[in-house]
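For clarity, every value in this text was computed on a predicted model and none was experimentally measured. Residues: numbered from 1 along the sequence shown.
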Amino acid sequence: MTAPRRFTGDTLVIASHNKGKVREIADLLGPYAATFTTAGELGLPEPEETGTSFVANAELKARAAAAAGHVALADDSGLVVPALNGDPGIYSARWAGPEKDFAMAMRKVEEGLAGKSDRSAYFVCALSLAWPDGHVETVEGRCYGTLVWPPQGPRGFGYDPMFRPDGFDQTFGEMDPARKHEMSHRADAFRQLVERCFR
């Protein structure tokens with residue numbers, strides 16, 4: 001098995017047009033890269049997510065952004081609800097529609113859970129680091145919890161206000177961002193990626 005490749009550059013491209021996600025990633029990787037730029041700032045189009053898994057979509061987005069000439073980091077993440085046969089899953093963003101209306105997306109999840117006793121769910125985050133020569137390193141993190149209704153808290157983004165992580169009495173939407181960063185699916189994936197490519 002070959003050793004993982006280390007990030008040794010100064011500039012890292014965050015392959016996302018989602019401002020909330022870019023902010024979280026920059027916070028988590030701040031100590032390891034001198035400067036960050038984003039796919040949006042570089043004018044790169046968002047590639048069509050044609051993969052059938054979080055890992056496949058993260059790799060697809062990272063490779064597309066790395067083609068601009070810098071090492072690029074992409075994440076594909078979403079909410080998996082076992083009682084909904086794994087939906088919204090890789091389609092978590094699409095459930096919010098073109099307007100990115102996550103209040104509507106959360107209502108859809110809640111409607112799907114009507115009459116079901118299993119309200120367990122987990123967030124998944126796949127992170128891919130791609131180099132311009134095509135090399136990719138990928139990890140996957142998870143965070144397990146329960147879905148609550150109505151949504152609670154103005155913080156976070158996406159499905160955060162309806163997700164209460166196991167062992168906590170607050171949703172991600174209520175939680176202090178620093179606390180969320182310590183134990184979220186993204187934090188889990190970042191711990192693995194830092195260990196693999198940045199230490």
Side-chain angles (χ1 to χ4, degrees), residues 14-25 28 38-40 44-62 64-65 73-128 138-166 168 170-175 177 180-181 183-190:
I14 301 173
S16 177
H17 291 68
N18 178 322
K19 286 180 180 160
K21 196 178 277 189
V22 165
R23 200 164 43 245
E24 272 196 15
I25 291 173
L28 288 159
T38 68
L44 301 173
E46 290 189 81
E48 197 178 337
E49 295 180 25
T50 53
T52 56
S53 68
F54 292 107
V55 164
N57 282 328
E59 291 186 352
L60 184 151
K61 289 187 278 191
L73 176 71
D75 115 313
D76 196 57
S77 53
L79 180 71
V80 176
V81 184
L84 301 182
N85 299 315
D87 281 338
I90 61 169
Y91 304 111
S92 292
R94 288 186 207 174
W95 276 37
E99 303 301 315
K100 302 282 190 265
D101 181 352
F102 278 96
M104 174 186 77
M106 288 189 281
R107 278 197 307 275
K108 275 190 187 165
V109 169
E110 184 60 23
E111 285 161 11
L113 287 173
K116 294 184 165 71
S117 57
D118 179 9
R119 296 186 64 86
S120 68
Y122 57 94
F123 274 120
V124 175
C125 172
L127 284 175
S128 284
T138 304
V139 297
E140 188 178 270
R142 293 186 176 195
C143 181
Y144 292 86
T146 303
L147 298 176
V148 301
W149 196 261
Q152 294 163 25
R155 293 169 155 162
F157 58 92
Y159 298 89
D160 284 358
M162 75 179 300
F163 181 84
R164 183 182 292 147
D166 288 345
F168 292 84
Q170 290 181 309
T171 67
F172 273 173
E174 297 171 290
M175 205 174 269
K180 177 191 166 185
H181 285 343
M183 42 76 69
S184 72
H185 52 304
R186 197 162 280 121
D188 180 28
F190 269 98

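Across all non-hydrogen atoms, the minimal contact from T171 to P161 is CG2-O, 3.4 Å. For the residue pair S128 and T138, the shortest heavy atom distance occurs at OG-OG1, 2.8 Å. Nearest heavy atoms, A74 versus A58: CB-O, 3.4 Å. When all heavy atoms of P82 and Y122 are compared, the pair lying nearest together is CG-CE2, 4.4 Å. Considering every non-hydrogen atom in both M104 and G97, the closest pair reads CE-N, 4.0 Å. For E48 against L60, the heavy-atom pair with the smallest separation is O-CD2, 3.3 Å.
Residues P177 and R155 are in side-chain contact: their nearest non-hydrogen atoms beyond the backbone lie under 4.5 Å apart. Looking at heavy atoms from C-beta onward, S16 lies out of side-chain contact with T38 at the 4.5 angstrom threshold. Residues F190 and D75 fail the side-chain proximity criterion, which asks for heavy atoms closer than 4.5 Å. Side-chain contact between F123 and R186 is absent, with no heavy atoms from C-beta onward closer than 4.5 Å. Contact check for E49 versus I90: no side-chain heavy atoms found under the 4.5 Å cut-off. Side-chain contact between M175 and P165 is present, with heavy atoms from C-beta onward closer than 4.5 Å.
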Step by step, work out the side-chain contact (heavy atoms from CB on, under 4.5 Å) result for V109 and W95. CA-CA 9 Å; V109 169; W95 276 37; 3.8 Å; yes
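Residues R119 and E110 are paired through a salt bridge, judged by an N-O separation under 4.0 Å between the basic side chain and the carboxylate.
Within the 3.5 Å criterion, the main-chain N or O of G51 finds a donor-acceptor partner in the side chain of N57. No donor-acceptor distance shorter than 3.5 angstrom exists from the side chain of E59 to the backbone of A56, with no hydrogens or angles considered.
With rounding to the nearest 0.5 Å, the separation of SG in C143 from CG in D166 is 7.5 Å. Going from atom NE2 of H185 over to atom CG of L79 covers 8.5 Å, rounded to the nearest 0.5 Å. Atom CD in E140 sits 9.5 Å away from atom CG in D188 (nearest 0.5 Å). To the nearest 0.5 Å, the span separating OG1 on T146 from CG on D118 amounts to 9.0 Å. Atom CZ of residue R23 and atom CD1 of residue I14 lie 11.5 Å apart, to the nearest 0.5 angstrom. One distance of note links CG of L147 with OH of Y159; it measures 10.5 Å at 0.5 Å rounding.
Counting non-hydrogen atoms of other residues, nucleotides and ligands closer than 6.0 Å to CZ of R142 gives a total above 12. Counting heavy-atom neighbours within 6.0 Å of Y144 OH, excluding the residue itself, gives a total above 12.
Between F163 and F172, the ring planes are tilted. Angles from 30° to 60° get that label.
E46 meets the side chain to side chain contact (heavy atoms under 4.5 Å, CB included) test with H17; sequence neighbours excluded.
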